[in-house]
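Let me begin by presenting the structure, written as C-alpha coordinates, before commenting on it.
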Amino acid sequence: MKKSCLLNNKLIKTITSIFLFQIMSCSSIDGEVSKLVSSMTLEEKIGQMTQVDYRYLADKADIGKYFLGSILSGGGSTPPTNQPSSWVDLYNSFQGEALKTRLKIPLIYGIDAVHGHNNVLGATMFPHNIGLGCANDKALVQEIAAATAAEVKATGLDWTFAPCVAVAQDERWGRTYESFSEDSEIVTELGVASTIGYQGRTLNKNSVLACAKHFVGDGNTVFGTGTNWYKIDRGDVVLDEEELRSKYIKPFKESIKMGVGSIMVSYNSWKGKKLHGHKYLINDVLKKELKFDGIVVSDWAGINELDKDYKTCIIQSINAGIDMNMVPGSLNPDDNSYDDFIRLAIESVKEGSIPMERIDDAVSRILKIKKKLGLFDKPIKAPKNTDVVGSKKHRDLARKSVRKSLVLLKNKGDILPLNKDSGKITLVGEHADNIGYQSGGWTIHWQGGSGDITPGTTILDAFKSAVADSNSIHYSKYGENLLNPDVVVVAVGEKPYSEGVGDRESLHLSDEDIKLLKK
Ligand code: BGC
Ligand code: BGC
(Lines give C-alpha, C1' and ligand atoms only; values in the text may rest on other atoms or scores of the structure.)
(Ligands and ions follow the chains in the order given, each with its own letter.)
Protein backbone atom coordinates (compact mmCIF):
# COMPACT_ATOMS: atom_id res chain seq x y z
CA MET A 1 0.00 0.00 0.00
CA LYS A 2 2.76 2.37 1.14
CA LYS A 3 4.84 1.41 -1.87
CA SER A 4 2.05 2.09 -4.34
CA CYS A 5 1.44 5.45 -2.65
CA LEU A 6 5.07 6.29 -3.11
CA LEU A 7 4.96 5.19 -6.72
CA ASN A 8 1.87 7.24 -7.30
CA ASN A 9 3.53 10.24 -5.73
CA LYS A 10 6.50 9.80 -7.99
CA LEU A 11 4.21 9.45 -10.99
CA ILE A 12 2.29 12.58 -10.07
CA LYS A 13 5.54 14.50 -9.66
CA THR A 14 6.76 13.35 -13.07
CA ILE A 15 3.46 14.20 -14.75
CA THR A 16 3.44 17.60 -13.05
CA SER A 17 6.96 18.36 -14.16
CA ILE A 18 6.22 17.30 -17.77
CA PHE A 19 3.18 19.52 -17.67
CA LEU A 20 5.11 22.44 -16.17
CA PHE A 21 7.87 21.92 -18.73
CA GLN A 22 5.29 22.13 -21.51
CA ILE A 23 3.77 25.31 -20.09
CA MET A 24 7.21 26.82 -19.61
CA SER A 25 8.41 25.90 -23.08
CA CYS A 26 5.19 27.30 -24.57
CA SER A 27 5.54 30.58 -22.75
CA SER A 28 9.20 30.84 -23.62
CA ILE A 29 8.31 30.21 -27.29
CA ASP A 30 5.63 32.92 -27.02
CA GLY A 31 8.18 35.34 -25.62
CA GLU A 32 10.83 34.54 -28.23
CA VAL A 33 8.31 34.84 -31.04
CA SER A 34 6.89 38.16 -29.92
CA LYS A 35 10.41 39.55 -29.61
CA LEU A 36 11.25 38.31 -33.10
CA VAL A 37 8.05 39.68 -34.63
CA SER A 38 8.68 43.10 -33.12
CA SER A 39 12.08 43.19 -34.82
CA MET A 40 10.72 42.33 -38.28
CA THR A 41 10.12 44.75 -41.12
CA LEU A 42 6.83 44.68 -43.01
CA GLU A 43 8.64 43.07 -45.97
CA GLU A 44 9.97 40.28 -43.74
CA LYS A 45 6.51 39.70 -42.28
CA ILE A 46 4.71 39.46 -45.62
CA GLY A 47 7.44 37.16 -46.96
CA GLN A 48 6.89 34.90 -43.96
CA MET A 49 3.22 34.58 -44.99
CA THR A 50 4.10 33.55 -48.56
CA GLN A 51 4.31 29.96 -49.80
CA VAL A 52 5.69 29.17 -53.27
CA ASP A 53 5.76 25.91 -55.24
CA TYR A 54 9.39 25.15 -55.87
CA ARG A 55 8.74 24.74 -59.63
CA TYR A 56 7.69 28.38 -59.81
CA LEU A 57 10.68 29.89 -58.02
CA ALA A 58 12.21 32.05 -60.74
CA ASP A 59 15.51 32.00 -58.87
CA LYS A 60 16.34 30.38 -55.56
CA ALA A 61 17.86 33.69 -54.42
CA ASP A 62 14.25 34.96 -54.38
CA ILE A 63 13.87 33.10 -51.08
CA GLY A 64 16.19 35.65 -49.48
CA LYS A 65 15.15 38.58 -51.65
CA TYR A 66 11.49 38.23 -50.64
CA PHE A 67 12.07 36.61 -47.20
CA LEU A 68 9.82 33.67 -48.19
CA GLY A 69 8.43 31.74 -45.24
CA SER A 70 7.54 28.51 -46.97
CA ILE A 71 8.09 26.33 -50.03
CA LEU A 72 5.82 23.54 -51.16
CA SER A 73 5.91 20.72 -53.62
CA GLY A 74 2.49 20.33 -55.20
CA GLY A 75 1.47 17.05 -56.83
CA GLY A 76 4.34 15.94 -59.09
CA SER A 77 6.63 18.79 -58.05
CA THR A 78 9.70 16.61 -57.57
CA PRO A 79 13.44 17.22 -57.87
CA PRO A 80 14.85 16.28 -61.31
CA THR A 81 16.21 13.03 -59.86
CA ASN A 82 13.38 11.73 -57.77
CA GLN A 83 15.23 9.91 -55.02
CA PRO A 84 15.23 10.52 -51.25
CA SER A 85 18.71 12.05 -51.06
CA SER A 86 17.85 14.55 -53.84
CA TRP A 87 14.88 15.72 -51.78
CA VAL A 88 17.18 16.34 -48.82
CA ASP A 89 19.59 18.27 -51.09
CA LEU A 90 16.76 20.34 -52.54
CA TYR A 91 15.49 21.12 -49.05
CA ASN A 92 18.91 22.13 -47.79
CA SER A 93 19.71 24.31 -50.76
CA PHE A 94 16.50 26.32 -50.18
CA GLN A 95 17.04 26.42 -46.44
CA GLY A 96 20.55 27.73 -47.08
CA GLU A 97 19.04 30.73 -48.87
CA ALA A 98 16.69 31.45 -45.96
CA LEU A 99 19.59 31.30 -43.54
CA LYS A 100 21.44 34.01 -45.48
CA THR A 101 18.78 36.56 -44.53
CA ARG A 102 19.19 39.13 -41.76
CA LEU A 103 17.06 37.27 -39.22
CA LYS A 104 17.89 33.75 -40.47
CA ILE A 105 14.31 32.57 -40.09
CA PRO A 106 14.13 29.01 -41.47
CA LEU A 107 11.69 27.94 -44.16
CA ILE A 108 9.00 25.36 -43.62
CA TYR A 109 8.57 22.91 -46.54
CA GLY A 110 5.17 21.31 -47.23
CA ILE A 111 4.03 18.45 -49.46
CA ASP A 112 0.94 16.36 -50.13
CA ALA A 113 1.88 13.09 -48.46
CA VAL A 114 -1.72 11.94 -48.58
CA HIS A 115 -1.43 8.17 -49.02
CA GLY A 116 2.15 7.65 -48.03
CA HIS A 117 4.92 10.00 -49.20
CA ASN A 118 3.33 9.66 -52.60
CA ASN A 119 5.40 12.08 -54.69
CA VAL A 120 8.61 10.24 -53.97
CA LEU A 121 9.71 7.46 -56.30
CA GLY A 122 9.94 4.20 -54.36
CA ALA A 123 8.09 5.49 -51.29
CA THR A 124 5.48 3.22 -49.71
CA MET A 125 2.03 3.89 -51.16
CA PHE A 126 -0.80 3.21 -48.74
CA PRO A 127 -4.47 2.91 -49.65
CA HIS A 128 -6.26 6.22 -50.10
CA ASN A 129 -8.50 7.35 -47.25
CA ILE A 130 -11.67 5.79 -48.64
CA GLY A 131 -10.01 2.38 -48.34
CA LEU A 132 -8.88 3.13 -44.81
CA GLY A 133 -12.44 4.17 -43.98
CA CYS A 134 -13.58 0.72 -45.11
CA ALA A 135 -11.01 -0.87 -42.80
CA ASN A 136 -12.21 1.56 -40.09
CA ASP A 137 -9.32 0.81 -37.76
CA LYS A 138 -7.96 3.79 -35.79
CA ALA A 139 -4.76 2.08 -34.71
CA LEU A 140 -3.98 1.12 -38.29
CA VAL A 141 -4.56 4.67 -39.56
CA GLN A 142 -2.30 6.07 -36.85
CA GLU A 143 0.39 3.55 -37.70
CA ILE A 144 0.18 4.42 -41.41
CA ALA A 145 0.45 8.15 -40.67
CA ALA A 146 3.46 7.53 -38.43
CA ALA A 147 5.13 5.44 -41.15
CA THR A 148 4.40 8.17 -43.71
CA ALA A 149 5.80 10.79 -41.33
CA ALA A 150 9.00 8.75 -41.00
CA GLU A 151 9.35 8.70 -44.80
CA VAL A 152 8.62 12.44 -45.03
CA LYS A 153 11.22 13.16 -42.33
CA ALA A 154 13.78 11.00 -44.10
CA THR A 155 13.53 13.29 -47.13
CA GLY A 156 14.00 16.35 -44.93
CA LEU A 157 10.50 17.82 -45.27
CA ASP A 158 8.46 19.29 -42.41
CA TRP A 159 4.79 19.46 -43.29
CA THR A 160 2.17 17.26 -44.94
CA PHE A 161 -1.12 18.56 -46.30
CA ALA A 162 -3.00 15.70 -44.68
CA PRO A 163 -5.33 14.36 -43.40
CA CYS A 164 -8.26 15.28 -45.61
CA VAL A 165 -11.27 15.25 -43.28
CA ALA A 166 -13.92 15.89 -45.92
CA VAL A 167 -17.18 14.03 -45.29
CA ALA A 168 -18.01 13.03 -48.87
CA GLN A 169 -21.69 12.70 -49.70
CA ASP A 170 -21.77 12.66 -53.48
CA GLU A 171 -19.64 9.76 -54.73
CA ARG A 172 -19.40 11.41 -58.12
CA TRP A 173 -17.02 13.98 -56.59
CA GLY A 174 -13.44 13.55 -57.85
CA ARG A 175 -12.09 13.69 -54.28
CA THR A 176 -14.35 11.06 -52.73
CA TYR A 177 -11.39 8.71 -52.39
CA GLU A 178 -9.59 11.32 -50.25
CA SER A 179 -12.45 11.16 -47.75
CA PHE A 180 -12.48 8.44 -45.07
CA SER A 181 -16.25 8.13 -45.12
CA GLU A 182 -19.68 9.67 -45.68
CA ASP A 183 -20.13 9.31 -41.92
CA SER A 184 -18.82 12.25 -39.94
CA GLU A 185 -18.08 10.12 -36.85
CA ILE A 186 -15.77 7.82 -38.81
CA VAL A 187 -14.07 10.78 -40.49
CA THR A 188 -13.55 12.44 -37.12
CA GLU A 189 -12.06 9.36 -35.46
CA LEU A 190 -9.77 8.44 -38.32
CA GLY A 191 -8.80 12.07 -38.97
CA VAL A 192 -7.73 12.48 -35.36
CA ALA A 193 -5.83 9.16 -35.43
CA SER A 194 -4.03 10.30 -38.53
CA THR A 195 -3.03 13.65 -36.98
CA ILE A 196 -1.59 11.80 -33.97
CA GLY A 197 0.35 9.55 -36.34
CA TYR A 198 1.96 12.49 -38.18
CA GLN A 199 2.60 14.78 -35.23
CA GLY A 200 2.68 12.61 -32.15
CA ARG A 201 0.68 13.68 -29.10
CA THR A 202 2.33 17.11 -29.04
CA LEU A 203 4.04 19.09 -31.74
CA ASN A 204 7.81 18.65 -31.31
CA LYS A 205 11.03 18.24 -33.25
CA ASN A 206 10.13 14.67 -34.21
CA SER A 207 6.74 15.65 -35.63
CA VAL A 208 5.69 16.16 -39.19
CA LEU A 209 3.22 19.03 -39.16
CA ALA A 210 -0.25 17.75 -40.07
CA CYS A 211 -2.91 19.75 -41.90
CA ALA A 212 -6.61 19.04 -41.52
CA LYS A 213 -8.26 19.99 -44.80
CA HIS A 214 -10.33 21.47 -46.38
CA PHE A 215 -12.17 23.86 -44.09
CA VAL A 216 -15.10 23.41 -44.55
CA GLY A 217 -17.90 21.55 -46.28
CA ASP A 218 -15.99 20.31 -49.33
CA GLY A 219 -17.72 16.90 -49.27
CA ASN A 220 -21.18 18.39 -49.53
CA THR A 221 -21.21 20.73 -52.52
CA VAL A 222 -24.21 20.76 -54.84
CA PHE A 223 -23.73 19.06 -58.22
CA GLY A 224 -23.35 21.62 -60.99
CA THR A 225 -22.08 24.48 -58.79
CA GLY A 226 -18.32 23.87 -59.19
CA THR A 227 -15.99 26.71 -60.18
CA ASN A 228 -14.63 26.72 -63.76
CA TRP A 229 -15.38 23.48 -65.57
CA TYR A 230 -15.60 21.44 -62.36
CA LYS A 231 -18.98 19.94 -61.62
CA ILE A 232 -18.80 19.29 -57.89
CA ASP A 233 -15.32 20.26 -56.72
CA ARG A 234 -15.04 23.88 -55.57
CA GLY A 235 -18.85 24.08 -55.51
CA ASP A 236 -21.40 25.54 -53.12
CA VAL A 237 -22.62 24.09 -49.81
CA VAL A 238 -26.19 25.02 -48.90
CA LEU A 239 -26.49 23.33 -45.48
CA ASP A 240 -27.84 25.24 -42.52
CA GLU A 241 -25.33 26.18 -39.86
CA GLU A 242 -26.41 23.50 -37.42
CA GLU A 243 -25.68 20.69 -39.85
CA LEU A 244 -22.50 22.35 -41.08
CA ARG A 245 -21.29 22.42 -37.49
CA SER A 246 -22.44 18.99 -36.35
CA LYS A 247 -21.11 17.02 -39.33
CA TYR A 248 -18.50 19.07 -41.19
CA ILE A 249 -16.89 21.33 -38.58
CA LYS A 250 -16.83 18.44 -36.10
CA PRO A 251 -13.71 16.67 -37.48
CA PHE A 252 -11.82 19.98 -37.35
CA LYS A 253 -13.01 20.67 -33.82
CA GLU A 254 -11.73 17.30 -32.59
CA SER A 255 -8.47 17.62 -34.56
CA ILE A 256 -7.84 20.98 -32.88
CA LYS A 257 -8.29 19.34 -29.47
CA MET A 258 -5.62 16.84 -30.55
CA GLY A 259 -3.27 19.70 -31.43
CA VAL A 260 -3.36 19.72 -35.23
CA GLY A 261 -0.89 22.45 -36.20
CA SER A 262 -2.36 23.62 -39.49
CA ILE A 263 -5.69 23.77 -41.29
CA MET A 264 -6.22 24.35 -45.01
CA VAL A 265 -9.11 26.43 -46.28
CA SER A 266 -11.41 24.90 -48.88
CA TYR A 267 -12.07 26.07 -52.42
CA ASN A 268 -15.81 25.67 -51.87
CA SER A 269 -18.32 28.31 -50.84
CA TRP A 270 -21.03 28.24 -48.19
CA LYS A 271 -24.35 29.71 -49.36
CA GLY A 272 -22.55 31.48 -52.19
CA LYS A 273 -19.68 32.95 -50.16
CA LYS A 274 -16.22 31.50 -50.85
CA LEU A 275 -14.46 30.10 -47.79
CA HIS A 276 -11.18 31.86 -48.63
CA GLY A 277 -12.81 35.16 -47.71
CA HIS A 278 -15.10 33.87 -44.98
CA LYS A 279 -14.23 35.88 -41.89
CA TYR A 280 -17.05 34.44 -39.82
CA LEU A 281 -16.01 30.81 -40.37
CA ILE A 282 -12.23 31.30 -40.29
CA ASN A 283 -11.74 34.06 -37.76
CA ASP A 284 -14.82 33.86 -35.55
CA VAL A 285 -15.54 30.14 -35.53
CA LEU A 286 -12.21 28.42 -36.19
CA LYS A 287 -9.81 30.76 -34.44
CA LYS A 288 -11.86 32.43 -31.72
CA GLU A 289 -14.54 29.91 -30.81
CA LEU A 290 -12.63 26.67 -31.43
CA LYS A 291 -9.38 28.25 -30.23
CA PHE A 292 -7.30 27.07 -33.16
CA ASP A 293 -3.86 28.62 -32.59
CA GLY A 294 -1.93 27.03 -35.50
CA ILE A 295 -1.50 28.11 -39.13
CA VAL A 296 -4.46 28.65 -41.44
CA VAL A 297 -3.12 28.04 -44.94
CA SER A 298 -4.94 28.87 -48.17
CA ASP A 299 -5.42 26.26 -50.86
CA TRP A 300 -3.47 26.44 -54.14
CA ALA A 301 -4.27 29.91 -55.58
CA GLY A 302 -7.51 29.60 -53.63
CA ILE A 303 -7.70 33.30 -52.85
CA ASN A 304 -7.71 34.12 -56.59
CA GLU A 305 -11.32 32.98 -56.84
CA LEU A 306 -12.57 35.71 -54.48
CA ASP A 307 -12.55 38.60 -56.94
CA LYS A 308 -11.32 39.65 -60.38
CA ASP A 309 -8.97 42.11 -58.74
CA TYR A 310 -6.02 40.31 -57.12
CA LYS A 311 -5.43 43.01 -54.53
CA THR A 312 -9.02 42.68 -53.33
CA CYS A 313 -8.47 38.91 -53.05
CA ILE A 314 -5.42 39.50 -50.87
CA ILE A 315 -7.15 41.99 -48.60
CA GLN A 316 -10.24 39.84 -48.14
CA SER A 317 -8.39 36.60 -47.47
CA ILE A 318 -5.88 37.98 -44.98
CA ASN A 319 -8.57 39.94 -43.17
CA ALA A 320 -10.72 36.79 -43.06
CA GLY A 321 -7.90 35.07 -41.14
CA ILE A 322 -5.64 33.28 -43.64
CA ASP A 323 -2.08 33.23 -42.28
CA MET A 324 -0.04 31.51 -44.97
CA ASN A 325 -0.90 32.02 -48.63
CA MET A 326 -0.18 29.14 -51.02
CA VAL A 327 0.34 31.58 -53.90
CA PRO A 328 1.84 29.22 -55.34
CA GLY A 329 3.41 31.09 -58.31
CA SER A 330 3.18 30.34 -61.99
CA LEU A 331 5.32 29.85 -65.07
CA ASN A 332 2.91 32.04 -67.01
CA PRO A 333 3.98 35.68 -66.82
CA ASP A 334 0.34 36.79 -67.21
CA ASP A 335 -0.70 35.04 -63.97
CA ASN A 336 -0.23 36.47 -60.51
CA SER A 337 2.94 35.30 -58.87
CA TYR A 338 4.61 35.62 -55.50
CA ASP A 339 6.16 38.99 -56.28
CA ASP A 340 2.66 40.33 -57.07
CA PHE A 341 1.26 38.87 -53.86
CA ILE A 342 4.05 40.39 -51.80
CA ARG A 343 3.94 43.81 -53.46
CA LEU A 344 0.16 44.12 -53.19
CA ALA A 345 0.00 42.79 -49.63
CA ILE A 346 2.63 45.32 -48.52
CA GLU A 347 0.72 48.09 -50.30
CA SER A 348 -2.53 47.02 -48.62
CA VAL A 349 -0.99 47.15 -45.14
CA LYS A 350 0.62 50.52 -45.80
CA GLU A 351 -2.64 52.06 -46.92
CA GLY A 352 -4.50 50.60 -43.93
CA SER A 353 -6.66 48.00 -45.73
CA ILE A 354 -5.09 45.21 -43.64
CA PRO A 355 -4.36 46.00 -39.98
CA MET A 356 -0.84 45.38 -38.70
CA GLU A 357 -2.26 43.35 -35.78
CA ARG A 358 -3.64 40.84 -38.30
CA ILE A 359 -0.22 40.54 -39.95
CA ASP A 360 1.48 40.12 -36.57
CA ASP A 361 -1.01 37.44 -35.59
CA ALA A 362 -0.37 35.52 -38.84
CA VAL A 363 3.42 35.77 -38.54
CA SER A 364 3.38 34.79 -34.85
CA ARG A 365 1.38 31.66 -35.62
CA ILE A 366 3.81 30.64 -38.35
CA LEU A 367 6.89 31.30 -36.21
CA LYS A 368 5.47 29.44 -33.21
CA ILE A 369 4.93 26.34 -35.31
CA LYS A 370 8.46 26.62 -36.72
CA LYS A 371 9.82 26.90 -33.17
CA LYS A 372 7.83 23.91 -31.94
CA LEU A 373 9.09 21.82 -34.86
CA GLY A 374 12.64 22.70 -33.86
CA LEU A 375 13.37 24.35 -37.20
CA PHE A 376 15.30 27.20 -35.62
CA ASP A 377 17.59 24.73 -33.85
CA LYS A 378 18.14 22.40 -36.78
CA PRO A 379 17.26 23.99 -40.10
CA ILE A 380 19.66 21.89 -42.21
CA LYS A 381 18.85 18.17 -42.52
CA ALA A 382 21.30 15.31 -42.68
CA PRO A 383 20.56 12.73 -45.39
CA LYS A 384 20.28 9.85 -42.92
CA ASN A 385 17.60 7.18 -42.59
CA THR A 386 16.70 7.41 -46.26
CA ASP A 387 16.40 3.59 -46.22
CA VAL A 388 13.15 3.99 -44.38
CA VAL A 389 11.57 5.22 -47.64
CA GLY A 390 9.78 2.21 -49.11
CA SER A 391 11.26 -0.08 -46.44
CA LYS A 392 10.09 -3.68 -46.06
CA LYS A 393 8.47 -2.84 -42.73
CA HIS A 394 6.38 -0.08 -44.30
CA ARG A 395 5.49 -2.20 -47.33
CA ASP A 396 4.30 -4.96 -45.04
CA LEU A 397 2.11 -2.42 -43.28
CA ALA A 398 0.79 -1.23 -46.65
CA ARG A 399 0.01 -4.82 -47.65
CA LYS A 400 -1.84 -5.38 -44.39
CA SER A 401 -3.82 -2.18 -44.88
CA VAL A 402 -4.77 -3.12 -48.44
CA ARG A 403 -5.99 -6.48 -47.15
CA LYS A 404 -8.03 -4.80 -44.42
CA SER A 405 -9.52 -2.21 -46.76
CA LEU A 406 -10.91 -4.62 -49.37
CA VAL A 407 -14.69 -4.85 -49.53
CA LEU A 408 -16.37 -8.12 -50.50
CA LEU A 409 -19.83 -7.42 -51.83
CA LYS A 410 -20.90 -10.90 -52.86
CA ASN A 411 -19.46 -14.41 -52.81
CA LYS A 412 -22.01 -16.52 -54.62
CA GLY A 413 -21.29 -20.26 -54.40
CA ASP A 414 -18.35 -19.59 -52.06
CA ILE A 415 -16.03 -19.17 -55.00
CA LEU A 416 -13.64 -17.13 -52.85
CA PRO A 417 -11.00 -17.32 -51.55
CA LEU A 418 -9.02 -18.59 -54.48
CA ASN A 419 -5.97 -20.64 -53.66
CA LYS A 420 -3.38 -22.92 -55.18
CA ASP A 421 -6.03 -25.60 -55.70
CA SER A 422 -8.35 -23.38 -57.69
CA GLY A 423 -7.14 -24.79 -60.99
CA LYS A 424 -6.20 -22.84 -64.08
CA ILE A 425 -6.78 -19.12 -63.58
CA THR A 426 -6.96 -16.48 -66.27
CA LEU A 427 -6.58 -12.92 -65.12
CA VAL A 428 -8.11 -10.36 -67.46
CA GLY A 429 -7.95 -6.58 -67.83
CA GLU A 430 -5.51 -3.70 -68.07
CA HIS A 431 -5.99 -2.94 -64.40
CA ALA A 432 -4.63 -6.32 -63.37
CA ASP A 433 -1.07 -5.38 -64.25
CA ASN A 434 -0.73 -1.64 -63.82
CA ILE A 435 0.81 -0.09 -60.71
CA GLY A 436 -0.22 3.40 -61.80
CA TYR A 437 -3.90 2.48 -62.14
CA GLN A 438 -3.77 0.49 -58.94
CA SER A 439 -2.34 3.41 -56.94
CA GLY A 440 -4.76 6.09 -58.14
CA GLY A 441 -4.40 9.89 -58.18
CA TRP A 442 -1.73 11.69 -56.14
CA THR A 443 0.84 9.03 -56.99
CA ILE A 444 4.16 10.42 -58.31
CA HIS A 445 2.09 12.83 -60.45
CA TRP A 446 -0.78 15.05 -59.36
CA GLN A 447 -3.25 13.10 -61.51
CA GLY A 448 -1.50 9.76 -60.99
CA GLY A 449 -0.40 7.82 -64.07
CA SER A 450 -0.31 4.55 -65.94
CA GLY A 451 2.20 1.71 -65.81
CA ASP A 452 5.40 1.40 -63.83
CA ILE A 453 5.40 4.88 -62.36
CA THR A 454 6.84 3.56 -59.08
CA PRO A 455 7.92 0.11 -57.85
CA GLY A 456 5.17 -2.08 -56.43
CA THR A 457 3.27 -5.34 -56.60
CA THR A 458 0.56 -5.53 -59.24
CA ILE A 459 -2.49 -7.79 -58.93
CA LEU A 460 -0.86 -10.13 -61.43
CA ASP A 461 2.37 -10.27 -59.39
CA ALA A 462 0.33 -11.06 -56.29
CA PHE A 463 -1.62 -13.82 -58.03
CA LYS A 464 1.59 -15.37 -59.23
CA SER A 465 3.11 -15.45 -55.79
CA ALA A 466 0.12 -16.16 -53.58
CA VAL A 467 -2.71 -17.81 -55.48
CA ALA A 468 -1.31 -19.83 -58.32
CA ASP A 469 1.88 -21.43 -59.55
CA SER A 470 3.26 -19.32 -62.36
CA ASN A 471 2.37 -22.06 -64.82
CA SER A 472 -1.31 -22.15 -63.89
CA ILE A 473 -1.87 -18.40 -64.15
CA HIS A 474 -2.47 -16.84 -67.52
CA TYR A 475 -2.77 -13.10 -68.16
CA SER A 476 -4.97 -11.74 -70.91
CA LYS A 477 -4.91 -7.94 -71.02
CA TYR A 478 -7.89 -7.39 -73.33
CA GLY A 479 -9.81 -10.62 -72.81
CA GLU A 480 -8.34 -12.39 -75.86
CA ASN A 481 -7.18 -16.07 -75.72
CA LEU A 482 -8.56 -17.10 -72.36
CA LEU A 483 -7.00 -20.61 -72.71
CA ASN A 484 -9.85 -22.62 -71.24
CA PRO A 485 -9.49 -21.64 -67.61
CA ASP A 486 -11.29 -23.01 -64.53
CA VAL A 487 -11.59 -19.52 -63.13
CA VAL A 488 -11.57 -16.10 -64.77
CA VAL A 489 -10.77 -13.01 -62.73
CA VAL A 490 -11.57 -9.69 -64.39
CA ALA A 491 -10.02 -6.47 -63.06
CA VAL A 492 -11.94 -3.36 -64.09
CA GLY A 493 -12.12 0.12 -62.64
CA GLU A 494 -11.44 3.79 -62.89
CA LYS A 495 -8.32 5.29 -64.34
CA PRO A 496 -6.53 7.64 -61.93
CA TYR A 497 -7.53 11.28 -61.48
CA SER A 498 -7.49 13.89 -58.78
CA GLU A 499 -9.62 16.81 -57.66
CA GLY A 500 -12.27 18.20 -60.02
CA VAL A 501 -10.76 16.38 -62.99
CA GLY A 502 -12.43 13.30 -61.52
CA ASP A 503 -15.90 14.81 -61.13
CA ARG A 504 -18.37 12.56 -62.98
CA GLU A 505 -21.99 12.71 -63.89
CA SER A 506 -22.52 8.98 -63.56
CA LEU A 507 -20.85 6.17 -61.66
CA HIS A 508 -21.35 3.53 -64.35
CA LEU A 509 -18.48 1.34 -65.45
CA SER A 510 -16.96 2.54 -68.71
CA ASP A 511 -18.22 1.08 -72.01
CA GLU A 512 -14.79 -0.50 -72.40
CA ASP A 513 -15.15 -2.32 -69.07
CA ILE A 514 -18.67 -3.51 -69.83
CA LYS A 515 -17.53 -4.80 -73.21
CA LEU A 516 -14.69 -6.66 -71.56
CA LEU A 517 -16.98 -8.24 -68.97
CA LYS A 518 -19.42 -9.32 -71.68
CA LYS A 519 -16.60 -10.83 -73.69
C1 BGC B 1 -5.52 20.79 -53.27
C2 BGC B 1 -4.97 20.56 -51.89
C3 BGC B 1 -3.49 20.39 -51.95
C4 BGC B 1 -2.85 21.57 -52.64
C5 BGC B 1 -1.35 21.46 -52.78
C6 BGC B 1 -4.77 21.87 -54.01
O7 BGC B 1 -5.19 21.94 -55.34
O8 BGC B 1 -6.89 21.12 -53.18
O9 BGC B 1 -5.59 19.46 -51.30
O10 BGC B 1 -2.98 20.21 -50.67
O11 BGC B 1 -3.39 21.71 -53.93
O12 BGC B 1 -0.99 20.52 -53.70
C1 BGC C 1 -0.32 20.82 -58.57
C2 BGC C 1 -1.20 20.23 -57.52
C3 BGC C 1 -2.33 21.15 -57.26
C4 BGC C 1 -3.04 21.52 -58.54
C5 BGC C 1 -4.13 22.52 -58.31
C6 BGC C 1 -1.12 21.10 -59.82
O7 BGC C 1 -0.32 21.62 -60.82
O8 BGC C 1 0.77 20.00 -58.83
O9 BGC C 1 -0.53 19.95 -56.35
O10 BGC C 1 -3.20 20.60 -56.35
O11 BGC C 1 -2.17 21.96 -59.53
O12 BGC C 1 -4.85 22.88 -59.46
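Just follow the structure's listing: the first ligand is 1, and inside any ligand the first atom is 1. Note that the structure is a prediction, hence the values are computed from the model and not measured.
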Out of all atoms in ligand 1, which are within 4.0 Å of some heavy atom of [X]? Include the element for each.
X      : answer
Met264 : 2 (C), 10 (O)
Gly74  : 12 (O)
His214 : 2 (C), 8 (O), 9 (O)
Arg175 : 1 (C), 2 (C), 8 (O), 9 (O)
Lys213 : 2 (C), 3 (C), 9 (O), 10 (O)

Inset, instruction - Before signing off on this row, confirm whether Tyr56 and ligand 2 have an N or O atom pair separated by under 3.5 Å. - result: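 No, Tyr56 has no N/O under 3.5 Å of an N/O on ligand 2.
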Legend entry - Ligand-side contact atoms (ligand 2) for residue partner Trp442, heavy atom cut-off under 4.0 Å: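 Taking each heavy atom of Trp442 in turn, ligand 2 has 9 (O), 10 (O) under 4.0 Å.
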Legend entry - Minimum heavy-atom distance between Asp112 and Gly74, given as atom pair plus value: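 In terms of heavy atoms, the two residues are closest at OD2-CA, 4.1 Å.
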Legend entry - Distance-minimising heavy-atom pair for Cys211 and Val260: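 Minimum heavy-atom separation between Cys211 and Val260: N-CG2, 4.3 Å.
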Inset, instruction - Measure from atom 8 (O) of ligand 2 to every heavy atom in Ser73, Ser498, Gly500, Gly75 and give the option owning the shortest one. - result: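 Closest candidate by heavy-atom distance is Gly75.
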Legend entry - Closest candidate by heavy atom, reference atom 12 (O) of ligand 1, pool Asn119, Val114, Asp112: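 Heavy atom nearest to atom 12 (O) of ligand 1 belongs to Asp112.
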Inset, instruction - Starting from atom 7 (O) of ligand 2, find the nearest protein heavy-atom neighbour and note its residue, name and distance. - result: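 So the nearest neighbour among protein heavy atoms is Trp300 CZ2, 3.8 Å.
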Inset, instruction - Mark the output for Tyr267 as yes if a heavy-atom distance to ligand 1 is under 4.0 Å, and as no if none is. - result: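 Contact present.
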Legend entry - Exam field: side chain Asn129 to backbone Glu178, donor-acceptor pair closer than 3.5 Å: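 Yes; judged by distance alone, with no hydrogens or angles, the pair exists.
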